[in-house]
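Written out below as structure tokens is the structure these notes cover.
In what follows, every heavy atom counts, from backbone to side chain, and hydrogens, waters and symmetry copies are set aside. It should be emphasised that the depicted structure is a prediction, and the values quoted were computed from it without experimental measurement.
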Amino acid sequence: SRNRLLEDSRLDPHWLAAVEHETAELAVAVAALRAETVGRLKTALAAGRGAATAFPFAEIALQGWIEEASLSMPAAEIEGRYRERLKENRPRDAAAGRTLDGPHLTDLQVTYGPKGIPAADASTGEQKAILIRLVLAHSALLTDMTGHGPLLLLDEVAAHLDPSRRSALYDALSDLGVQVFMTGADPLAFAEIAGRAQVFEVTPGEVRRRD
């Protein structure tokens, strides 16, 4: 890795420059794909599907200078800018033992639509509702793009949802037409879908299907 190369004071600087050249190319390619993915997911979030609209709308954006630049600048120009930063930051990165600038530091910013506040500042219930909306939108997007629905594994997804939102969740999952595995400690949370789902009870050393 580049970080290990920086630790070797005997390293030929031309070799390190070659490594940084390739690093910049890969970084910009990754950033561009991220920006494209987030753009598509934004469209899926805005569209919604049936019961999925029972969950709050969320705004998403990437917080990273390379991703932001990829929306308006040529890839070659961004690569050159990042290579210069890598070169300038060699002493600092060597001291830190890691690369301190790049797409690995990019964050996904999520805003709770109804209140216009960062998801980090929303309540636990609001955060869970946002996350469900994101999962539903992403699943629908994958199905549209590939023609194949994803396999969803949802742990305690029904916990802390009120009855109406729980019903909306089950309807939204059904509308997706994908295979879903849900787990939960409260059997009553899944009572309303007992007729359209297979329910298994897991106890120490045993998995038993419930009729």
Side-chain angles (χ1 to χ4, degrees), residues 30 33-34 36-64 104-211:
V30 168
L33 289 173
R34 282 179 180 166
E36 180 183 354
T37 299
V38 168
R40 293 188 180 193
L41 188 53
K42 281 183 179 181
T43 301
L45 282 168
R49 279 191 178 180
T53 57
F55 296 94
F57 178 70
E59 290 280 358
I60 59 174
L62 289 171
Q63 287 186 313
H104 58 292
L105 300 177
T106 297
D107 285 327
L108 178 66
Q109 181 183 33
V110 181
T111 301
Y112 180 61
K115 293 183 178 179
I117 61 175
D121 296 334
S123 69
T124 301
E126 290 169 340
Q127 290 175 350
K128 184 164 190 175
I130 293 171
L131 183 57
I132 290 174
R133 179 67 178 266
L134 285 169
V135 169
L136 293 173
H138 187 226
S139 299
L141 176 61
L142 288 175
T143 302
D144 291 342
M145 290 178 62
T146 67
H148 302 284
L151 175 66
L152 296 183
L153 307 177
L154 306 175
D155 181 37
E156 287 287 4
V157 67
H160 309 301
L161 293 181
D162 58 57
S164 61
R165 187 160 281 173
R166 187 180 297 164
S167 295
L169 170 63
Y170 296 148
D171 289 341
L173 293 173
S174 180
D175 291 342
L176 284 176
V178 302
Q179 188 174 21
V180 183
F181 286 86
M182 292 181 284
T183 64
D186 182 9
L188 293 179
F190 305 104
E192 69 177 90
I193 59 171
R196 51 176 170 158
Q198 294 182 354
V199 181
F200 296 87
E201 183 176 325
V202 180
T203 56
E206 183 181 8
V207 179
R208 180 180 60 190
R209 181 172 176 176
R210 297 184 61 183
D211 296 327

Checklist entry - Are Leu134 and Ile132 close enough, and set up right, to give a side-chain contact (heavy atoms from CB on, under 4.5 Å), and what steps lead you there? => result CA-CA 5 Å; Leu134 285 169; Ile132 290 174; over 6 Å; no

Item to check | Intermediate values then yes/no, side-chain contact (heavy atoms from CB on, under 4.5 Å), Leu169 and Arg165 | outcome: CA-CA 6 Å; Leu169 170 63; Arg165 187 160 281 173; 5.8 Å; no

Item to check | Criterion side-chain contact (heavy atoms from CB on, under 4.5 Å) on Gln63 and Thr106, from CA distance to verdict | outcome: CA-CA 6 Å; Gln63 287 186 313; Thr106 297; 5.6 Å; no

Item to check | Chi angles and distances behind the side-chain contact (heavy atoms from CB on, under 4.5 Å) call for Leu62, Asp107 | outcome: CA-CA 6 Å; Leu62 289 171; Asp107 285 327; over 6 Å; no

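In this structure a side-chain-to-backbone donor-acceptor pair under 3.5 Å is present from Lys128 to Ala159. Between the side chain of Glu156 and the backbone N or O of Ala185, at least one donor-acceptor pair lies under 3.5 Å. When atom types are taken as modelled, the side chain of Ser174 and the backbone of Tyr170 share no donor-acceptor pair closer than 3.5 angstrom.
Separating the NE2 atom in His138 from the CG atom in Leu152 is a distance of 10.0 Å, to the nearest 0.5 Å. Rounding to the nearest 0.5 Å places CG of Leu151 at 12.0 Å from CG of Leu142. Leu173 contributes atom CG, which lies 6.0 Å from atom CG of Leu136 (distance to the nearest 0.5 angstrom). To the nearest 0.5 Å, atoms CZ (Phe181) and CZ (Phe200) are separated by 8.0 Å.
Pro114 approaches Phe57 most closely through the heavy-atom pair CD-O, 3.6 Å. For Met182 against Val157, the heavy-atom pair with the smallest separation is SD-CG1, 3.8 Å. For Ala168 against Phe55, the heavy-atom pair with the smallest separation is C-CE1, 4.2 Å. Taking both residues in full, the closest heavy atoms of Leu45 and Ala58 are given as CD1-O, 3.6 Å, listed atom of the first, atom of the second, then distance. For Pro187 against Arg210, the heavy-atom pair with the smallest separation is CB-NH1, 3.2 Å. Heavy-atom minimum distance, Ala129 versus Pro56: CB-CD, 3.5 Å.
Here the options are Thr111, Ile130, Val110, the test is side chain to side chain contact (heavy atoms under 4.5 Å, CB included), and the partner is Ile60; only Val110 passes.
Residues in residues 182-200 take part in these side-chain hydrogen bond (donor to acceptor under 3.5 Å, both in side chains) pairs, two or more places apart or across chains: Asp155-Thr183, Ser167-Glu192, Asp171-Arg196. Residue pairs satisfying the salt bridge (charged side-chain N to carboxylate O under 4.0 Å, His left out) criterion with at least one member in residues 113-124, sequence neighbours excluded, are listed as follows: Lys115-Glu126.
Heavy-atom neighbours of Arg40 CZ from other residues, nucleotides or ligands within 6.0 Å: at or below the threshold of 12. Atom NE2 of His104 sits in a crowded spot, with more than 12 heavy atoms from other residues, nucleotides or ligands closer than 6.0 Å.
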